[in-house]
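Let me begin by presenting the structure, written as structure tokens, before commenting on it.
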Amino acid sequence: MSDRSCLSIVLAAGLGTRMRSSMPKVMHEIGNLPLVGHVLKALSASGVKETAVVVGPDMPELEKTVANLSEGAQCFTQVDRLGTAHAALAAREVLEEEHDDVLILFGDTPLITTDMISEVLGALAAGADLVVVGFETANPFGYGRLLMKGEQLLAIREEKDASDEEREVTFCNSGIMGFAGSKVLALLDQIGNDTANGEYYLTDAVELANASGLKVVAVNAPEEDLQGINTRAQLSDCEAVFQQRKRLEAMARGVTLQDPASVYFSHDTRIAQDVVVEPNVVFGPGVRIETGSRIRAFSHLEGAVVGAESQIGPYARLRPGTNLEGNNRVGNFVEMKNAAVEKGAKVNHLSYVGDASVGARTNIGAGTITCNYDGFNKHKTEIGSDCFVGSNSTLVAPVTLGDGAFIAAGSTITKAVSENALAVGRSRQSELEGRANVLRSRFKAQKQSK
Ligand code: UD1
Ligand code: CA
């Protein structure tokens, strides 16, 4: 990053009518991150420090999301939605400050890369007054077309305003524009609304800049990275591109994906080298997997840390707050939530471990349930190290098992168990000799008498 100052404005006030949703368009998610979050992430990864987000007047949840995702970002409200140029001017207050470069981007174009942002900033630093990121596409429908003359970009023509000849152009506007900070406000203020639908088009800045003799250029970036989202179908297209990127990234970093197309990532999934991921695994937000672990088929993880050399699944569900220190086994049909599990502990089959701590090397038998909820409050189960919890035990929280405790199978544990004690919380087995035959004769007689 050079020492030039840069302001970015992310336009996100559009209603997204074509999404048919009660939610603002840019709140829809890809890789479990709102679209606007992807744009903010790319900007901060490019070293852009000052960001304004233009939101609609009725979008409090969007403002909250922006505040959560990016500390420095400031929201501005566009009261009437009169087009992209009008939207950019909602941030007039920051546009009036001095910046070397001003980037204007759309919140509905989430796959942009740091490479293309640096290319725009590079072109501005090299003397361009206005830079537009374009892409070549076989399906230009709906995009503004870039009308070039040699290196100079003469105009951007919106679909609705284009002539038949202009519609043939396949070089399109991505919506990412870079302006020389000294020129931007004058250009935006000149834009009128003499357009097909009476909107103020940001894209008109190009013709106006040409009329003032300014240098206007286009940079060409891959279509895949510049897809805009107007519909649910386009949302799923972008999700597919995003997932494919994540899969390739993971494999490039030394992760084995046995069937990449069936593994789904979140924007923040972190998987270390030499982890093996079997087919049909879903990583929700906030997952970290450390080296040497294996995530077996059909597992679902979210907000969980899996320490090194662990084995999860098949069919395991790790929910938020699960923290496995390493060398752990979590087997089929085990659900864990808010559980701190120390090294070497195992929960191999059919258990629920929630709001719990499990000490090192402890073995939790099949069908063990921590009863953490009484209908009103959540309570903790604290299990020490080197414990053995027999199958089908219910641990009624709040409850503590001391180190080395041994719980007999089928126990219901309601009181603390001391270190190295054996706890049996079930009725004792009794036996009546020969009684089975007596019962059989009785039942047989009942059946015959019917
Ligand atoms: C826009 C571009 C088009 C480009 C395409 C790329 C214009 C006039 N057209 O068209 O050249 O090819 O994006 O995807 O710029 N917005 C506001 N306030 C408004 C209107 C829009 O904030 O009053 C925001 C939207 O939330 C959205 C972005 O601006 O994030 C783009 O608006 P949209 O209506 O989707 O523009 P397109 O028709 O896709
Ligand atoms: Ca759009």
Side-chain angles (χ1 to χ4, degrees), residues 8-19 21 23-28 34-40 52-59 62-63 65-66 75-91 103-112 116 130 132-137 139-147 153 155-162 166-167 169-177 179 187-188 191-208 218 221 223-235 237-238:
S8 65
I9 302 179
V10 180
L11 307 187
L15 283 174
T17 323
R18 291 164 279 183
M19 292 295 280
S21 174
M23 200 162 73
K25 175 164 66 178
V26 299
M27 288 293 288
H28 288 264
L35 302 180
V36 68
H38 288 267
V39 177
L40 294 174
V53 180
V54 177
V55 303
D58 38 17
M59 300 179 176
L62 173 55
E63 290 190 47
T65 301
V66 168
C75 285
F76 292 88
T77 305
Q78 182 194 21
V79 179
D80 302 307
R81 291 183 187 87
L82 302 179
T84 45
H86 181 259
L89 283 169
L103 284 177
I104 301 183
L105 316 86
F106 293 165
D108 69 351
T109 307
L111 301 176
I112 59 169
M116 66 182 74
L130 178 47
V132 174
V133 180
F135 61 98
E136 282 289 348
T137 174
N139 299 308
F141 181 80
Y143 289 112
R145 310 299 205 282
L146 301 190
L147 309 180
L153 172 62
I156 303 178
R157 195 74 72 232
E158 290 305 302
E159 178 84 34
K160 290 175 190 140
D161 302 276
E166 287 165 345
R167 286 202 178 104
V169 173
T170 52
F171 191 30
C172 291
N173 174 27
S174 67
I176 303 178
M177 289 178 139
F179 291 81
L187 284 171
L188 294 182
I191 294 175
N193 64 344
D194 184 17
T195 55
N197 53 8
E199 287 191 359
Y200 295 83
Y201 290 167
L202 184 58
T203 46
D204 281 354
V206 171
E207 269 173 293
L208 291 166
E223 174 180 13
E224 194 181 76
D225 301 343
L226 291 170
Q227 289 179 52
I229 295 175
N230 297 322
T231 63
R232 304 260 181 177
Q234 289 168 331
L235 181 68
D237 288 345
C238 282

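Remember, it's 1-based here, ligands and their atoms both numbered in the order they're listed.
Using 4.0 Å as the threshold, V54 has no heavy atom nearer than that to any atom of ligand 1. Residue contacts with ligand 1 include E158, since one or more of its heavy atoms lies under 4.0 Å from the ligand. Heavy atoms of A12 approach ligand 1 to within less than 4.0 angstrom. For Q234, the heavy-atom gap to ligand 1 stays at 4.0 angstrom or more. Look at K25 and you'll find a heavy atom under 4.0 Å from some atom of ligand 1.
For ligand 1, the atoms sitting less than 4.0 Å from at least one non-hydrogen atom of G144 are 3 (C), 4 (C), 11 (O), 12 (O), numbered in the order shown with element in parentheses. Taking a cut-off of under 4.0 Å to the non-hydrogen atoms of T203, the atoms of ligand 1 that pass are 7 (C), 8 (C), 11 (O), 15 (O). Listed by number with element, the atoms of ligand 1 under 4.0 Å from a non-hydrogen atom of G107 are 30 (O). Here is the list of ligand 1 atoms found below 4.0 Å of a heavy atom in N230: 35 (O), 39 (O). Every atom of ligand 1 with a heavy atom of A87 under 4.0 Å away is listed here by number and element: 17 (C), 18 (N), 22 (O). The ligand atoms of ligand 1 that sit less than 4.0 angstrom from a heavy atom of R81 are 23 (O). Heavy-atom contacts of Q78 reach the following atoms of ligand 1: 17 (C), 18 (N), 19 (C), 22 (O), 23 (O) (cutoff under 4.0 Å).
Counting only heavy atoms, the protein gets under 4.0 Å from atom 39 (O) of ligand 1.
In terms of heavy atoms, R18 sits closest to N230 at CB-O, 3.0 Å. Shown here for I104 and A88, the closest heavy-atom pair between the two residues is CD1-CB, 4.0 Å. Pairing each heavy atom of D225 with each of M116, the nearest pair is CB-CE, 3.5 Å.
Residue nearest to atom 16 (N) of ligand 1, selected from A90, A88, G14: G14 (by heavy-atom distance). Distances from atom 14 (O) of ligand 1 to the heavy atoms of Y200, F135, Y143, Y201 show the closest one on Y143.
Residue contacts with ligand 1 for S174 involve N, CA, C or O but no side-chain atom from C-beta outward (heavy atoms, distance under 4.0 Å). Only the backbone of L82 comes within 4.0 Å of ligand 1, counting heavy atoms alone; no side-chain atom from C-beta on gets that close.
The protein heavy-atom contact nearest to atom 30 (O) of ligand 1 is L11 O, 2.9 Å. Nearest non-hydrogen protein atom to atom 22 (O) of ligand 1 is A13 N, 2.9 Å. Of all protein heavy atoms, the one closest to atom 4 (C) of ligand 1 is N173 O, 3.2 Å. At the shortest separation from atom 36 (O) of ligand 1 among protein heavy atoms lies R18 NH2, 4.6 Å. Residue, atom and distance of the protein heavy atom nearest to atom 23 (O) of ligand 1 are G83 N, 2.9 Å. When hydrogens are left out, the protein atom nearest atom 13 (O) of ligand 1 is F106 CE1, 3.0 Å; that is the closest non-hydrogen contact. Atom 21 (C) of ligand 1 has as its closest protein heavy atom T84 CG2, 3.8 Å.
Annotation: side chain of F76 is not in contact with side chain of I9 (no heavy-atom distance under 4.5 Å). Looking at T77 and E63, their side chains come closer than 4.5 Å, going by heavy atoms from C-beta outward. R232 is listed as a side-chain neighbour of S21, based on a closest heavy-atom distance under 4.5 Å. The closest side-chain heavy-atom distance from I229 to H28 is not below 4.5 Å. Counting heavy atoms from C-beta on, the side chains of I112 and I176 come closer than 4.5 Å. Using a 4.5 Å heavy-atom threshold, the side chains of Q227 and Q234 count as separate. At a threshold of 4.5 Å between non-hydrogen side-chain atoms, the residues L40 and V53 count as touching. Counting heavy atoms from C-beta on, the side chains of L35 and L235 come closer than 4.5 Å.
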Under the side-chain contact (heavy atoms from CB on, under 4.5 Å) rule, what do L146 and V169 come out as? Steps first, then yes or no, please. CA-CA 7 Å; L146 301 190; V169 173; 5.6 Å; no

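A distance of 9.5 Å separates SG of C238 from NE2 of H38, quoted to the nearest 0.5 Å. Going from atom OG1 of T137 over to atom CZ of R145 covers 9.0 Å, rounded to the nearest 0.5 Å. With rounding to the nearest 0.5 Å, the separation of CD in E223 from OG1 in T170 is 10.0 Å. Atom-to-atom distance recorded for E159:CD and E166:CD is 11.0 Å, nearest 0.5 angstrom. How far CG of L226 is from CD of E136: 12.0 Å, rounded to the nearest 0.5 Å.
Listed by chain and number, the protein N, O or S atoms at a distance under 3.0 Å from the Ca ion (ligand 2) are D108 OD2, N230 OD1.
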Donor-acceptor contacts under 3.5 Å from residues 198-205 side chains, at least two apart:
residue, atom, partner, partner atom, Å
Y201, OH, D161, OD2, 3.0
Y201, OH, N197, OD1, 3.1
T203, OG1, E158, OE2, 3.4

